[in-house]
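Each ligand, and each atom within it, is numbered from 1 in the order the structure gives. Position 1 is the first residue of the sequence; numbering continues from there.
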Amino acid sequence: MSAAISYERVKEHLEALSMEAALDVLDVVLEQGQKQERTSVEIIDELLTRERDTRFQRRIKTNLRLSSIATPKTLDAFDFEAQPQVPKDLIDELATLRFLNQGENVLLLGPPGVGKSHLAIGLALKAIEQGHRVYFLTLHDLVTRSRTARAKTRLDALLNTLLRPDLLVLDEVGYLPLERHDATFLFEAVSKRYEKQKSIILTSNKTYASWDDIFPDPILATALLDRLLHHSTTIAIRGESYRLKDRKMAGLIPQKRPQN
Ligand code: ADP
Ligand code: MG
């Protein structure tokens, strides 16, 4: 087989296999390979590495889009000095994603504005960067969607959406009390993920003791907490709202009444 024919054959193979990235760099990689007297194995390795890298980057982009994270907040953008209640060491450890690989949960508790959603999204973005599938939604979204999906098939589809990702972020648990069928659906999602050893990051403005107020039935609340907490890390943040802090510093909210 002449060199010209085999070059065309390689291009054809790459095209047939939809290896667009490898196809794009084929000429450059071959030329450089010849110049630097690389072995054929080295050249093949270079070509496949380029293809895999491109595919991985594309997967990250897709996973980010499918995650439904609207405002990507990174852990790098989190100001740990402003929130000394959040142990940076612990967040760094969570950012290694060991918890996710072991199917453990992370629960972020505290009043509004202390950075619970920011940290949850920051960890979720880490997971996406590593190629994991993530799904983010608020409990309010979950309840609204489960109420509209009355038909069994649509409810199953929603349940699948909650079970499929490697990481589920359930934001803002506790802002609204749940009715029995909402709570039952949430319980089903949480216990199925528990059985599959798939992680959840949950944020809540309620302490565990007051989960009875959110749930129509204390037994259901206990059973849910049981599964969530079995393998988990809880971070309770008691600091003040970051939003208010900023506005106070900007003088928009007077900290003391002006003296007349
Ligand atoms: P929560 O979910 O606890 O109500 P958020 O995570 O939504 O609070 O935080 C409110 C806003 O303040 C967000 O825009 C968030 O990015 C920002 N924020 C909160 N804490 C910090 C922090 N320590 N460093 C940087 N930004 C923060
Ligand atoms: Mg929040």
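Of all the listed residues (Pro84, Ser117, Ser204), Ser117 holds the heavy atom that lies closest to atom 2 (O) of ligand 1.
If you look at Ser241 next to ligand 1, there are no close heavy atoms at all, none under 4.0 Å. At a heavy-atom distance under 4.0 Å, only side-chain atoms of Tyr242, from C-beta outward, approach ligand 1. Heavy atoms of Lys73 found under 4.0 angstrom from ligand 1 belong exclusively to the side chain.
Looking from atom 6 (O) of ligand 1 to the surrounding protein, the closest heavy atom is His118 N, 2.8 Å. With hydrogens left out, the protein atom closest to atom 7 (O) of ligand 1 is Arg243 NH2, 3.6 Å, a heavy atom. Nearest protein neighbour of atom 4 (O) of ligand 1, counting heavy atoms only, is Gly113 N, 2.7 Å. In this structure, the protein non-hydrogen atom closest to atom 8 (O) of ligand 1 is Gly115 N, 3.2 Å.
Close approach to Asp79 involves these atoms of ligand 1, each under 4.0 Å from a residue heavy atom: 22 (C), 23 (N), 24 (N), 25 (C).
Side-chain atoms of Asn205 never come within 3.5 Å of backbone atoms of Gly110 as a donor-acceptor pair (strictly under, hydrogens ignored). A donor-acceptor pair under 3.5 Å is absent between the side-chain atoms of Arg145 and the main chain of Leu158, judged by distance alone. Remark: side-chain polar atoms of Gln102 are not paired, donor with acceptor, to backbone N or O of Phe99 under 3.5 angstrom.
Remark: Arg38 engages Glu46 in a salt bridge, criterion side-chain N to carboxylate O under 4.0 Å. Taking 4.0 Å as the cut-off between side-chain N and carboxylate O, Lys88 and Asp92 count as a salt-bridged pair. Taking 4.0 Å as the cut-off between side-chain N and carboxylate O, Arg147 and Asp182 count as a salt-bridged pair.
Counted within 6.0 Å of CD on Gln197, heavy atoms from surrounding residues, nucleotides or ligands total 12 or fewer; the atom is thus considered open. The environment of His140 atom NE2 is sparse: at most 12 non-hydrogen atoms of other residues, nucleotides or ligands sit within 6.0 angstrom.
In summary, no N, O or S atom of Thr203 is located under 2.8 Å from the Mg ion (ligand 2).
Val114 counts as a contact of ligand 1, since one of its heavy atoms falls under 4.0 Å from the ligand. Heavy atoms of Pro112 approach ligand 1 to within less than 4.0 angstrom.
We find the CG-CD1 distance between Asp226 and Ile219 to be 12.5 Å, quoted to the nearest 0.5 Å.
On a distance-only criterion, Tyr175 and ligand 1 share no N/O pair closer than 3.5 Å. The shortest N or O to N or O distance between Gln83 and ligand 1 is not under 3.5 Å. At under 3.5 Å, not a single nitrogen or oxygen of Phe78, backbone or side chain, sits near a nitrogen or oxygen of ligand 1.
Between Phe80 and Phe78, the ring planes are perpendicular. Angles over 60° get that label, and only those under 30° would be called parallel.
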